Every structure is written in C-alpha cells, then in structure tokens.
Amino acid sequence: MTQRQHSPNADRYFKALDSIAPHDLIGKFVQTAPKNVQEATKGIIVNLLGSLPAYTLDAALMATNMKLASLLFQMQITGYMFKNAEYRMSLTQSLKGVPRLPSTGTGMPAEISGTATYQNASGELVTVNVKDLAEALQHEVDELRKELATIKDARESELKANLLTYIQALPEKELSNLTADISEDVMEAIKLLVETVMGKIGGDFHAPQGMVQQSVINLAQLCMWQMVIGYRLREMEALDHGLSLDDL
C-alpha cells in the first residue's frame with residue numbers, strides 16, 4: 001500500500017478494523033447486531049449472487065481490479081447505511097413515548113345546542129338534536145383515527161422487521177440522508193480498507209484493468225465482511241460524536 005499522510009481519525013479507524021480477523025469481526029456482528037440488520041446483509045448478498053445457478057457456487061468469477069474494488073467500496077457504504085437506518089428506527093421508536101403537545105383546537109365546541117332538520121331517504125323530515133348528532137359524528141371520527149393508527153403501527157412493525165423494505169420505503173430525501181453526512185475521516189478509512197483488502201485477496205488496487213479471480217462463496221463472504229466493516233465504521237464515528245450506542 002502506498003505510504004501517504006492520513007487524518008488521525010481515519011488512521012485510527014483503519015488500524016482498529018484492519019487488526020481484527022474477518023471471522024472475528026463477523027462473529028461479533030452475528031452476536032450483537034439486531035436480527036433485522038443481519039437479515040438485511042444476507043438479503044444484499046442473495047440479491048447480488050442469488051440469481052446465479054447452483055452449480056456455479058464453487059466456480060470462479062473473474063473481474064477487473066477496478067470493479068472488485070468498487071464492489072468492496074459499495075458494500076462498506078451499505079453497511080454504514082444499515083447502521084444509520086438502525087439508529088433512525090431506534091430514535092423513531094424512542095420518540096413514540098414522548099407526549100405530544102396539545103392541539104390548538106378541540107374536536108367539539110365548548111357549547112352546542114339546538115336542533116337540525118333533514119330529509120331522510122324516504123322523504124320524511126326528521127328533526128335531531130344537534131349536540132347528539134355532533135357527538136355521534138365525533139365518535140365515528142375517533143374510531144376512524146384509531147383504525148388508521150392501528151394500520152400505521154402494523155405497517156411500521158412490518159417495515160422495521162425487514163430493514164431493506166424499511167429503507168426502500170423511505171422518502172428520497174430521507175434515504176439520501178442515511179449516507180449524506182458520512183465524514184471525510186470515514187471515507188478515507190474506507191478507501192484505505194478497500195486498498196488493503198484488495199492486496200490481501202490478490203488484487204492490485206493500482207492496476208485497475210488487471211484481472212482478479214474469486215469463487216462465488218468467497219465473494220459472498222467478502223461482501224459480508226465489507227458490510228460489517230461499514231457497519232462498525234458508523235459505530236466508531238457515532239462514538240466520536242458523543243452519541244451513545246446504547247441509547248440509539
């Protein structure tokens with residue numbers, strides 16, 4: 001790897017993650033990461049490699065160094081995004097327990113009286129008490145709100161059980177926010193890690209058009225490793241910004 005100056009944080013991130021063996025890093029991830037995050041990482045690998053015929057699983061795939069390095073980079077960014085999505089979901093859940101400010105209006109006026117006359121389907125004139133009618137309508141509105149809240153909660157639970165679905169359902173701006181604030185230190189660490197990993201698997205980061213060979217199984221393991229690296233990078237970055245990983 002070419003020697004050059006790096007920021008202290010980028011160097012620290014790099015050294016911390018480069019010093020951990022892949023199976024140890026993945027093992028800790030399996031033990032500590034939420035189930036929906038683990039399922040999301042598996043889903044990415046299935047989407048990436050699952051369309052290949054079963055007989056190719058032991059076969060070797062050829063790619064240029066540039067394409068493989070790009071894949072490693074994208075996997076780390078994906079892991080980073082998964083951790084941010086996990087933070088966002090946890091924060092949303094926490095805010096559910098915070099009481100809302102009272103609304104400026106009320107469903108019913110303080111005083112209501114009088115009668116109203118209307119023509120029913122049979123053509124008869126019917127007179128009703130306005131207060132009774134308003135209370136009945138308010139009750140229907142309240143019941144409808146409860147039904148909508150139940151549907152919304154069920155949808156949120158479904159989305160949160162599947163992190164990939166949750167991310168895909170986010171509005172475009174919120175989706176871009178999952179990676180928009182990635183620090184220069186993290187980006188630099190990712191580039192360092194990609195360069196180092198390429199060297200470990202026989203690739204040459206500085207020969208972009210050179211060819212490198214990996215089996216499908218090894219490539220799947222490699223993708224998982226890189227996503228976990230990105231996931232841990234976001235944790236380290238959060239700690240540096242004073243965020244509690246236990247509270248998020």
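Worth knowing before you read on, the calculation uses all heavy atoms, side chains too, and leaves out hydrogens, waters and symmetry mates. These numbers were taken from a predicted model, which means no experiment stands behind them.
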Please walk me through it: do Ser7 and Glu188 pass side-chain contact (heavy atoms from CB on, under 4.5 Å)?
CA-CA 8 Å; Ser7 71; Glu188 190 175 354; 3.5 Å; yes
Begin with the C-alpha distance, continue with both residues' side-chain angles, and end with the deciding distance and a verdict on side-chain contact (heavy atoms from CB on, under 4.5 Å) for Leu233 and Leu193.
CA-CA 11 Å; Leu233 275 170; Leu193 287 159; 4.1 Å; yes
Take Leu17 and Met236, measure what side-chain contact (heavy atoms from CB on, under 4.5 Å) needs, and give me the verdict at the end.
CA-CA 10 Å; Leu17 292 168; Met236 296 172 72; 4.2 Å; yes
With ring pair (Phe, Tyr, Trp, His ring centres under 6.0 Å) as the criterion, how do Tyr231 and Tyr80 come out once you've worked through the C-alpha distance, each side chain's angles and the decisive distance to 0.1 Å?
CA-CA 5 Å; Tyr231 183 86; Tyr80 181 99; over 10 Å; no
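In this structure, Leu163 and Ala85 approach most closely via the heavy-atom pair CD1-CB, 3.9 Å. Here the closest non-hydrogen pair linking Ala10 and Ala189 is O-CB, 3.8 Å. Annotation for Gln38 and Ala33: closest pair NE2-O, 2.9 Å, computed over non-hydrogen atoms. The shortest non-hydrogen separation linking Gly203 to Asn65 is CA-OD1, 3.4 Å. Residues Cys223 and Leu48 come closest through the heavy atom pair SG-CD2, 3.7 Å.
For Asp24, the CG atom is densely surrounded, since the number of other residues' heavy atoms within 6.0 Å is greater than 12.
For the side-chain contact (heavy atoms from CB on, under 4.5 Å) criterion with Met227, the lone passing option out of Ile26, Ile44, Leu222 is Ile44.
Using a 4.5 Å heavy-atom cutoff, the side chains of His206 and Glu195 are in contact. Looking at Ile182 and Ile77, their side chains come closer than 4.5 Å, going by heavy atoms from C-beta outward. Looking only at side-chain heavy atoms (C-beta outward), Leu239 and Glu235 stay at 4.5 Å or farther from each other. Within the 4.5 Å cutoff, side-chain heavy atoms of Ile201 are placed close to those of Gln214. Looking at heavy atoms from C-beta onward, Glu86 lies in side-chain contact with Pro34 at the 4.5 angstrom threshold. Under the 4.5 Å side-chain criterion, counting only non-hydrogen atoms from C-beta, Gln221 is in contact with Asn218. Considering only heavy atoms from C-beta on, Leu68 stays 4.5 Å or farther from Phe73 through its side chain. Two residues are said to be in side-chain contact when any heavy atoms from C-beta on lie closer than 4.5 Å; Leu219 and Leu61 meet this criterion.
With sequence neighbours left out, the salt bridge (charged side-chain N to carboxylate O under 4.0 Å, His left out) criterion links Lys200 to Asp18.
Separation of atoms CG (Leu25) and CZ (Arg232) is listed at 6.5 Å; rounding is to 0.5 Å. To the nearest 0.5 angstrom, Met89 atom CE is 8.5 Å from Ile167 atom CD1. Here the CG atom belonging to Asn9 is positioned 4.5 Å from the CZ atom belonging to Arg12, to the nearest 0.5 angstrom. Between the NE2 atom in His23 and the NZ atom in Lys28 there is a gap of 14.0 Å [rounded to 0.5 Å]. The line from CZ of Phe29 to OG1 of Thr41 is 4.5 Å long, rounded to the nearest 0.5 Å. The CG atom of Leu175 sits 6.5 Å away from atom CE of Met81, with the distance rounded to the nearest 0.5 Å.
A salt bridge between Glu237 and Arg234 is present, with a side-chain N of the basic residue lying under 4.0 Å from a carboxylate O of the acidic one.
Linking ILVMFWY residues whenever their side-chain heavy atoms come closer than 4.5 Å, directly or via other members, leaves Val216 and Met211 in distinct clusters. Met66 and Ile190 fall into different hydrophobic clusters, where Ile, Leu, Val, Met, Phe, Trp and Tyr are joined by side-chain heavy atoms under 4.5 Å apart, directly or via other members.
Annotation: ring pair (Phe, Tyr, Trp, His ring centres under 6.0 Å) contacts involving residues 176-196, sequence neighbours excluded, are absent.
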